[in-house]
2 protein chains.
Amino acid sequence: MSQATAGIVITGTEVLTARISDRNGPWLSERLRETGFDVRHITICRDRSEDITSQLEFMHAQGVDLVCTTGGLGPTADDMTTELVAKFCGREMFLDEPLLEKIRGIVRVYAERFGWDMEAIDQGAVKQAHVPRGAAVLGPAGTAPGLVVEPAGDAGKPIVVVLPGPPRELQSIWAEAVETDAFKKVARGAVVFEEQMLRMIGVPEPEIARTLREFDDQVGLDGLEVTTCLRGGEMEILISHHPSDSARRQALVSTFEQQYGEAIFSRDGERIEQQVARLLDGRKLALAEAVTGGLLAKRMTDAAGASVYFQGSAVTYSNEAKAEVLGVDRAVLDAVGAVSAEVAEQMAVGALERFDADFAVSTTGIAGPTGGSEEKPVGTLYVHVAARDGRSNAFHIVLPGRREDVQDRSATVALHALRALLAG
Amino acid sequence: MSQATAGIVITGTEVLTARISDRNGPWLSERLRETGFDVRHITICRDRSEDITSQLEFMHAQGVDLVCTTGGLGPTADDMTTELVAKFCGREMFLDEPLLEKIRGIVRVYAERFGWDMEAIDQGAVKQAHVPRGAAVLGPAGTAPGLVVEPAGDAGKPIVVVLPGPPRELQSIWAEAVETDAFKKVARGAVVFEEQMLRMIGVPEPEIARTLREFDDQVGLDGLEVTTCLRGGEMEILISHHPSDSARRQALVSTFEQQYGEAIFSRDGERIEQQVARLLDGRKLALAEAVTGGLLAKRMTDAAGASVYFQGSAVTYSNEAKAEVLGVDRAVLDAVGAVSAEVAEQMAVGALERFDADFAVSTTGIAGPTGGSEEKPVGTLYVHVAARDGRSNAFHIVLPGRREDVQDRSATVALHALRALLAG
């Protein structure tokens, strides 16, 4: 049976004009994939009726089984998604009285708390309680109900799941959508594909391409979807396939392992920050950052529970701060400059002591765009890892890219240098 | 003359499957808008030929004047955008020899530096040097050239600007695309809309909505496109309009100024980090971070030239680190806890001294999801700003949201507390 397919229609002027980055498309794409759908298209448009309708019709023409829309369910006049979906599905709109009472109950609380004008608010509630006849109503989590609408007639149109724009509201009513009969009916044919993600460091994309070509010649890639993605100096390889093709996937992974060995640092998609946290195993980490400017600390504290292993970071931009906060020798700073192996080492050792940590990592370099020289061009990075037991790991590289890339890749290189020491 | 219209086609399995968030769509949307285009649709699909072609045909059916594609220009077999665009435009592909030499020159440097196999690399270069006949070649910034392709014949198809996926490469060749004759020809009819962005802090969205309704009743919003967006605790209001409507925009801005006064901290879109950097005017800043975990340092070092004003940040997660690195009194930590006004003050004063700065800002709080209590729930934040001349500014709030939101808003609140002291 062929895989069930889906499309996602994101509406909202603020998304199309790049004022906010859309979080709903990626979130829904993952949920739909988990449910076994092949997501074929995500489309984004303004709150304009002709554009929204064109995108719904495009999804129909593409033959998808299900469409999710996000946004355009608010109380104001520019919110028109529900009405357009009703039209697309050939369903008339009607005032759902019990839903109206529910929405009134919700908005009354806000109106009283913030002193809003109840008359204006009620006009919005009446608008939001108009839904297509026969649709399943979801929530509401805010004041806007979600909907699952089955098209009338037999034109082969997709069912439409209508969802609100605020990510919190959308996410909290998604489970209700999945449980509706209409959703289950199209999801029935869905096969949940298996996937495996490898992460590598230091392997160029063309080498991966050659490995894939050779594997295709010798074994065949049929049934495997392989996508490669360079991200911040690392290479991600995602292999997804029908459950019946798992032997072939294993053969491909073995081929990668034979060719790239140690360069593959993750076989289950685990990120470098997670590996470092796991390998620390309760031991304490400190950082001494110059070129990464706090990014390394941010990456190590993004996850909940960071306080178990993270002592802190000394972000020392000035020489003054390196000497005062980390105890770097002023004579060394004067003699060889802040961007040097010597200073990287003293920063790491200083952080180890100041933060009373088991491991410390330092970064010093030149992010650019200015500050480079012939001897130390933009992209120059020195990393030093120091351990309480006296072991150490030093690394020097010149990274490509602009300021943001250099900062990003420097943090990645530092984490890999740390991992190498932790993994022994 | 009606406004020129555009569409953006984002290709890449890693984008559609939510492995990376797309930065190119928003960036291109802004650039096209600045050039006077009305961007009508952004579409996203996998690296699949039928889906990419469907999206190009959809853009044609929608009658847009210009399409930008991003991604799918790499050396591997799943990169096929150029070939599909050539087909869409009715142009045959050919091997551009001078371009091949250029790409070879670029990859040779990498191959030598990193010891890559030149044979595998060269196959990729040959693939990337195949371009549609008659197309303008852009860059390359990496190894993949961008293209501006004019369709053959008179079917009224849009011109297509083919751009690479990596944002750095895409952004660095965009200026070349805009300067091509083909681009200029479609942009000729474009009217560059004017826009003004206000940024506010501490104003609820329903109040803004009411102000807009009242202005609409009394003066009229016709011709003004106003979009509001909450971002990290701040409210952005973007007003865009045809140049002939600028008096009406000024009237609306005056209305906002009368009603919200000091809450409007930016009238030209300048971000809070930029304001702080400007107001520092050469004086030195230090940070003492707990709950923001390096994010505040990262935000203050994202811009080039940060070393002029940024001394450093002590990211102190553990009590040990707060005492050792910032000199916070252990007795105070034991008595009132790390999340307290007292510790926030001692952190800021400690950073001021340790980093020899003119101003220091501290953050201490509870990002969650665990660690909250009845007295100090998740979202609790204490901020302290200390100046060398003895002035100070302290702030306490309980912020809504999840871990990431709390970290993000804490950094924003800290920057506003600093700005308040700097602005006097």
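Note that the structure is a prediction, hence the values are computed from the model and not measured.
Using a 4.5 Å cut-off on side-chain heavy atoms (C-beta onward), T43(A) and M59(A) make contact.
The residue among S307(B), G124(B), G305(B), P75(B) with the most heavy atom pairs within less than 4.5 Å of chain A is S307(B). Of the listed residues G25(B), S313(B), S318(B), the one with more heavy-atom pairs under 4.5 angstrom with chain A than any other is S313(B). With chain B as the partner, the residue from G368(A), P204(A), G312(A) showing the most heavy-atom pairs under 4.5 Å is P204(A). In terms of heavy-atom pairs under 4.5 angstrom with chain A, the leader among D78(B), D302(B), D356(B) is D302(B). Interface remark: of the candidates P26(B), S29(B), A304(B), A297(B), A304(B) forms the most heavy-atom pairs closer than 4.5 Å to chain A. When each of E50(B), Q55(B), R402(B) is checked for heavy-atom pairs under 4.5 Å with chain A, Q55(B) comes out on top. Across C45(B), A314(B), A321(B), S54(B), the residue that shares the most heavy-atom pairs under 4.5 angstrom with chain A is S54(B). When each of E30(A), Q407(A), E225(A) is checked for heavy-atom pairs under 4.5 Å with chain B, E225(A) comes out on top.
For E289(B), no part lies under 4.5 angstrom from a heavy atom of chain A. If you measure heavy-atom distances from E236(A) to chain B, the contacts under 4.5 Å come from both the backbone and the side chain. In this structure, chain B has a heavy atom under 4.5 Å from the side chain of R231(A), while its backbone stays farther away. For Q123(B), the part sitting under 4.5 Å from any heavy atom of chain A is the side chain, from C-beta outward, and nothing else. The part of M197(A) that comes within reach of chain B is its side chain, from C-beta onward, which places non-hydrogen atoms under 4.5 angstrom from that chain. Of the two parts of V9(A), neither the backbone nor the side chain holds a non-hydrogen atom closer than 4.5 Å to a non-hydrogen atom of chain B. Contacts between A303(B) and chain A at a heavy-atom distance below 4.5 Å involve the backbone alone (N, CA, C, O). Proximity to chain A is absent for every atom of T370(B), based on heavy atoms less than 4.5 angstrom apart. Residue N319(B) does not touch chain A at all, counting heavy-atom pairs closer than 4.5 Å. Contact annotation for Q311(A): both backbone and side-chain heavy atoms come within less than 4.5 Å of a heavy atom of chain B. With a 4.5 Å cut-off on non-hydrogen atoms, D51(B) touches chain A through its backbone and its side chain both. Looking at Q128(B), there are no atoms closer than 4.5 Å to chain A (heavy atoms on both sides), in backbone or side chain. Contact annotation for R403(B): only side-chain heavy atoms (C-beta onward) come within less than 4.5 Å of a heavy atom of chain A.
Evaluation of the side chain to side chain donor-acceptor pair (under 3.5 Å) rule for D408(B) yields no partner, not counting sequence neighbours.
Counting heavy-atom neighbours within 6.0 Å of R23(A) CZ, excluding the residue itself, gives a total of 12 or less. Residue E404(A) places its CD atom among 12 or fewer non-hydrogen atoms of other residues, nucleotides or ligands, all under 6.0 Å distant.
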Legend entry - Working for side-chain contact (heavy atoms from CB on, under 4.5 Å), residues R40(A) and Q62(A): CA-CA 9 Å; R40(A) 288 188 53 207; Q62(A) 292 293 303; 3.1 Å; yes

Inset, instruction - For the pair H41(B) and F58(B), evaluate side-chain contact (heavy atoms from CB on, under 4.5 Å) and give the outcome as yes or no after the intermediate values. - result: CA-CA 10 Å; H41(B) 300 279; F58(B) 170 70; 3.8 Å; yes

Inset, instruction - Check the pair K284(B), E320(A) against side-chain contact (heavy atoms from CB on, under 4.5 Å), reporting the backbone distance first and the verdict last. - result: CA-CA 12 Å; K284(B) 304 292 185 183; E320(A) 206 42 51; over 6 Å; no

Inset, instruction - Evaluate the criterion side-chain contact (heavy atoms from CB on, under 4.5 Å) for residue pair K298(A) and L296(A); output intermediate values, then yes/no. - result: CA-CA 5 Å; K298(A) 186 198 171 299; L296(A) 204 43; over 6 Å; no

Legend entry - salt bridge (Lys or Arg N to Asp or Glu O under 4.0 Å) between D122(B) and K127(B), intermediate numbers included: CA-CA 9 Å; D122(B) 200 59; K127(B) 176 187 175 293; over 6 Å; no

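In terms of heavy-atom proximity, K322(A) sits nearest to A290(A) at CE-CB, 4.0 Å. M235(A) approaches I208(A) most closely through the heavy-atom pair CE-CG1, 3.9 Å.
Between E195(A) atom CD and E34(A) atom CD the span is 9.0 Å, to the nearest 0.5 Å. Between atom OG1 of residue T13(A) and atom CG of residue L238(B) there is a gap of 10.5 Å, rounded to the nearest 0.5 Å.
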